[in-house]
Amino acid sequence: MNKNLFEYLLRLGDDSLIIGHRLSEWCGHGPILEEDIAMTNMALDFIGQATTIFEYAAKVENTGRDADALAFLRYEREYRNVLLVEQPNEDFAVTMVRQFLFDAFRKPLYEALQNSSDTQIAAIAEKSLKETKYHLKHSSEWVIRLGDGTEESHEKAQYAVDTLWRYTDELFFENEVDAALQAENVIPSLIPIREEWQKTVTDVLTEATLSIPQNGWKQQGGRTGLHSEHLGYILAELQYMQRAYPGMKW
Amino acid sequence: MNKNLFEYLLRLGDDSLIIGHRLSEWCGHGPILEEDIAMTNMALDFIGQATTIFEYAAKVENTGRDADALAFLRYEREYRNVLLVEQPNEDFAVTMVRQFLFDAFRKPLYEALQNSSDTQIAAIAEKSLKETKYHLKHSSEWVIRLGDGTEESHEKAQYAVDTLWRYTDELFFENEVDAALQAENVIPSLIPIREEWQKTVTDVLTEATLSIPQNGWKQQGGRTGLHSEHLGYILAELQYMQRAYPGMKW
Amino acid sequence: MKENNIEELERQFQEKIDNDIKIEPRDWMPDAYRDTLIRQISQHAHSEIVGMLPEGNWITRAPNLRRKAVLLAKVQDEAGHGLYLYSAAETLGADREETIDDLHSGKAKYSSIFNYPTLSWADMGAIGWLVDGAAIMNQVPLCRCSYGPYARAMVRVCKEESFHQRQGFEIMTTLANGTPEQKAMAQDALNRFWWPALMMFGPNDAESKHTEQSMRWKIKRQTNDELRQQFVDITVPQAEMIGLTIPDADLKFNTETGHYEFGEINWDEFWQVVKGNGPCNKDRVDARRKAKENGMWVREAAAAYAEKRANRNKEKRA
Amino acid sequence: MKENNIEELERQFQEKIDNDIKIEPRDWMPDAYRDTLIRQISQHAHSEIVGMLPEGNWITRAPNLRRKAVLLAKVQDEAGHGLYLYSAAETLGADREETIDDLHSGKAKYSSIFNYPTLSWADMGAIGWLVDGAAIMNQVPLCRCSYGPYARAMVRVCKEESFHQRQGFEIMTTLANGTPEQKAMAQDALNRFWWPALMMFGPNDAESKHTEQSMRWKIKRQTNDELRQQFVDITVPQAEMIGLTIPDADLKFNTETGHYEFGEINWDEFWQVVKGNGPCNKDRVDARRKAKENGMWVREAAAAYAEKRANRNKEKRA
């Protein structure tokens with residue numbers, strides 16, 4: 001199997017799975033009915049993406065593990081999502097800022113991945129891009145609304161930006177996996193993607209009247225399976241049925 | 001095996017296990033350091049009780065399941081704790097009122113169980129009684145302090161009483177299991193125990209200037225394995241390690 | 001004269017109804033008709049919204065990716081139904097936020113079935129199969145309801161509900177054909193949801209105070225007992241087909257009538273749950289109230305931002 | 001004259017210290033001695049309290065009943081140590097609540113090791129074995145510290161810590177002798193906690209600004225590097241004994257000195273974590289701050305009740 005490709009697919013799939021999980025926690029508890037629908041819809045998109053990605057990853061791995069086994073039956077240290085997506089929902093500001101920071105990364109990434117030399121990845125990217133654009137539009141609009149809304153919402157949005165900023169550097173994590181896949185034109189360089197991310201974030205936060213934190217020490221670890229203490233609790237729920245009833249079909 | 005005895009031991013053990021679990025969730029987050037210590041200490045007492053009780057239950061069942069298998073590897077419908085003990089901590093008032101309502105039941109129960117014709121149960125009751133008396137003293141004092149403290153604490157304490165009251169009737173649940181064990185003098189009648197509970201609760205709530213809710217429709221189900229939606233989440237955490245790493249020794 | 005006028009309007013109104021002509025928002029209608037509809041439609045909307053909670057409870061724990069996606073889609077549909085229905089109620093002059101406040105204060109009701117907890121994955125099957133099944137039975141006739149916006153909303157709702165019902169039955173089928181643990185889980189869910197599902201059709205006709213008038217207005221087109229019987233007749237063979245047992249010792253097929261006869265419903269439980277004493281009434285209403293309270297600042301921010309933007313646009317135009 | 005007097009007091013003070021006579025709360029002491037001790041003791045107290053969080057994180061998920069009980073007892077002990085230590089600081093005139101506020105504002109520090117997350121059950125082993133092990137190494141000399149109340153607190157703390165250290169090592173031993181998954185879990189925990197444990201002894205002696213004065217005052221009795229070396233010398237063979245590998249390619253035993261030589265510590269990481277940029281600094285301080293804020297009304301209630309009661313007793317007596 002292509003170990004690098006498999007590893008890369010886990011990153012993509014886990015990011016989608018875990019942010020989808022976090023969004024789904026809002027279900028029935030959103031601040032407005034319309035937003036309950038929007039967040040559930042985004043969660044659904046992400047679970048859909050995770051499914052397609054894990055199905056391909058299972059094919060690449062070719063050991064008999066299927067998409068569900070990848071999603072539900074790995075140990076915590078084997079998950080490859082960035083720390084950003086596993087951070088708790090806290091309130092709607094934290095949730096939407098987290099979403100925005102992630103969407104602003106995912107959009108240029110999928111745009112570039114459309115040109116992947118791996119046709120499966122190109123197809124996944126193309127299919128996911130449309131919904132990702134919608135997500136980014138939606139989360140940007142909320143960041144602006146909250147930032148430029150009331151004093152209270154501005155404060156909460158600024159707190160969210162300040163709190164989550166430390167996790168954004170990891171979006172652009174690269175190691176030998178990336179180098180190898182870039183050499184084969186499977187994945188793009190993250191440099192222009194980071195530039196676009198930076199531009200989107202600067203534009204939106206500026207319009208939202210929010211200040212952009214100074215770069216400080218950045219958190220990372222998720223891409224190499226070193227997570228925050230939050231992931232363990234996510235997995236306890238996510239995996240419960242598969243763990244408690246091993247080997248059953250649902 | 002004596003099915004009734006086994007069933008009864010699960011009730012005792014699960015009540016201890018689950019209220020211990022809830023108390024332990026406070027660890028590191030208590031309102032005062034002294035109270036952090038007290039709640040952790042109570043949690044420890046309850047986990048200790050659960051251990052002794054499940055060890056005996058395992059012996060009674062005699063199928064090779066040990067105490068840990070009973071604590072960690074049953075399905076939700078097989079847990080026999082009352083609904084009261086699985087209710088969420090919410091705030092310190094809810095936690096302490098829940099504790100008080102439970103301790104006020106446990107104390108006369110253990111007192112009576114000291115005279116059980118089953119010497120193991122009598123020994124467990126005798127051993128647990130001392131700590132139970134301390135728990136009841138501690139939770140009573142807090143109920144009084146909160147009820148007769150500030151306006152805010154009074155309100156929170158009254159809310160806790162009103163919210164949890166519906167779960168108190170189930171403490172005195174009896175079915176054919178009880179009838180059979182009572183006939184053998186293994187367990188006492190719950191009638192005098194209920195009377196003492198009523199008196200303790202009336203005295204303490206009165207001193208706390210809290211009003212006693214009118215009897216309404218009461219919730220039950222826990223004793224027959226029909227729980228609230230909260231237990232599933234408790235089990236997802238409680239069982240995680242045993243489920244994710246089946247059959248290993250720790 | 002005015003008296004006469006109203007009588008005439010009422011006559012014309014009833015004539016339309018009798019001729020199956022839809023009543024539309026701007027048409028004249030008796031106050032009682034309007035009030036009954038507002039009550040019924042908002043109750044229905046609340047049921048959709050509160051109904052998100054018991055199923056939402058299993059999204060993070062769904063057993064595989066496909067089931068998780070299907071469940072998310074289903075709960076999203078329910079929120080959507082809530083939206084159409086609140087809109088339908090608004091065409092009658094009801095204010096959405098006031099309507100929702102009535103839910104939180106306990107003044108407005110919602111389907112009592114959602115006051116039962118979801119205790120296992122099989123409950124996602126049982127709810128789809130039985131609860132959506134019963135809902136469809138109640139709602140299909142409403143597609144021909146005399147009030148246009150409600151009837152049209154119902155057409156869309158019913159289409160999606162019947163999809164949900166099939167998905168639920170598929171979950172149950174999979175479980176019933178699965179391992180012994182899975183079959184037990186399915187049977188347990190059926191045991192817990194069967195009677196509450198029968199209660200969804202409301203009190204027996206003899207006890208049902210609104211039925212007669214609602215039938216005349218074609219807001220209701222079949223009686224509670226008729227609908228309940230239909231449900232039982234359809235559902236019992238489905239349970240048999242997948243090897244599950246309906247938890248009713250008195251259940252038997254009457255070869256003469258062609259109907260299943262079933263045991264006595266526990267009406268005491270029914271009324272207790274309606275009155276607020278079900279296992280989850282407090283949790284459900286608390287969850288919705290909290291969502292509204294915690295979302296207050298978000299709605300205020302959205303409103304403040306919209307106003308600022310409108311002002312800025314005005315300035316630009318000036 | 002006054003100048004002279006202080007000089008004389010200082011001389012007597014140092015003489016006592018040199019003669020190993022304990023300084024007690026009412027004794028005269030230099031301000032700098034008092035301040036250094038307050039800083040050190042409160043930092044130590046904060047470490048105990050913040051240290052409850054990473055371990056508290058696994059109580060609800062402990063893998064069996066015995067381990068759960070032992071972990072609860074351990075965390076309870078830590079809270080107890082926090083209490084003694086705050087009391088010891090109070091004997092020097094520090095106010096407990098103010099001291100705690102300094103923690104929340106970021107003014108006061110605590111052991112940086114607790115800014116690393118606990119990601120698996122094995123971390124409970126690694127913390128006991130390595131973190132408590134390093135703590136003991138630091139604390140045993142403090143049992144002979146010149147300030148009486150601190151020295152006495154340390155005697156009790158050290159006794160319990162060494163119990164914790166053995167328990168932690170036992171967890172690691174069990175895992176290292178367990179299944180491949182368990183052994184990998186143990187090795188992973190060792191990999192993550194080894195270097196932070198070495199950092200617990202503080203900067204190299206050359207960089208350590210307080211060491212010299214503290215040694216003279218017998219607040220500190222061995223240098224950072226001495227203690228670190230002792231820790232390495234004791235711990236490496238323990239790791240070997242249970243078949244785990246210290247994550248340090250440069251580690252080797254020097255047969256001449258009888259000591260292990262080890263690789264360069266990542267001091268950049270050390271200072272970043274001290275400055276607040278570790279993986280969990282924010283979570284830890286937030287958790288403590290929230291505990292204090294959420295507990296405010298409880299403390300107010302307790303105070304209000306105590307006052308009412310005192311008044312009632314007064315009335316009774318009157």
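In what follows, every chain begins at residue 1, and chains take the letters A, B, ... in the order their sequences are listed.
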Please name the residue in the list B:Thr51, B:Asp68, B:Leu238 that meets the side chain to side chain contact (heavy atoms under 4.5 Å, CB included) test with D:Lys68. B:Leu238
Which bit of B:Trp142 is near chain D, if near means a heavy-atom gap under 4.5 Å: side chain, backbone, both or neither? side chain
Validation row: B:Leu146, D:Trp297 side chains within 4.5 angstrom (heavy atoms): yes
Step by step, work out the side chain to side chain contact (heavy atoms under 4.5 Å, CB included) result for D:Trp58 and B:Met241. CA-CA 10 Å; D:Trp58 280 88; B:Met241 291 297 296; 3.8 Å; yes
Straight-line distance of D:Gln76 CD to B:Ile37 CD1, nearest 0.5 Å: 7.0 Å
Can you tell which part of D:Met185 gets under 4.5 Å to a heavy atom of chain B, answering side chain, backbone, both or neither? side chain
Please classify the contact between D:Lys308 and chain B as side chain, backbone, both or neither, with a heavy-atom cut-off of under 4.5 Å. side chain
Whatever's closer than 4.5 Å to a heavy atom in chain B on D:Leu83 counts as both
If one checks every heavy atom of D:Ile171 against chain B at 4.5 Å, the contacting part turns out to be neither
Which atoms of B:Phe72 approach chain D - backbone, side chain, both or neither, heavy atom under 4.5 Å: side chain
Below 4.5 Å from any heavy atom of chain B, which atoms of D:Leu175 appear? Answer side chain, backbone, both or neither. side chain
Which atoms of B:Leu17 approach chain D - backbone, side chain, both or neither, heavy atom under 4.5 Å: side chain
For D:Thr174 and B:Trp250 the tightest heavy-atom approach is CG2-C, 3.5 Å
Side chain, backbone, both or neither: which part of D:Asn64 has a non-hydrogen atom closer than 4.5 Å to chain B? both
Residue part contacting chain D, namely of B:Phe54, when any heavy atom lies under 4.5 Å: side chain
When the 4.5 angstrom heavy-atom criterion is applied to D:Thr60 and chain B, the contacting part is both
Turns out that what part of D:Arg67 lies under 4.5 Å from chain B's heavy atoms comes down to side chain
Measuring heavy-atom distances to chain B, does D:Arg309 have an atom under 4.5 Å in its side chain, in its backbone, in both, or in neither? neither
B:Ile47 vs D:Leu72, side chain to side chain contact (heavy atoms under 4.5 Å, CB included): CA-CA, chis, key distance, verdict: CA-CA 9 Å; B:Ile47 299 304; D:Leu72 276 163; 3.8 Å; yes
Side chains of D:Thr179 and B:Tyr245 in contact at under 4.5 Å (non-hydrogen atoms): no
D:Arg312/B:Asp148 ion pair, N-O < 4.0 Å: yes
For D:Glu181, which atoms come within 4.5 Å of any heavy atom of chain B: side chain, backbone, both, or neither? side chain
Is D:Ala306 in contact with chain B via its backbone, its side chain, both, or neither, using a 4.5 Å heavy-atom distance? neither
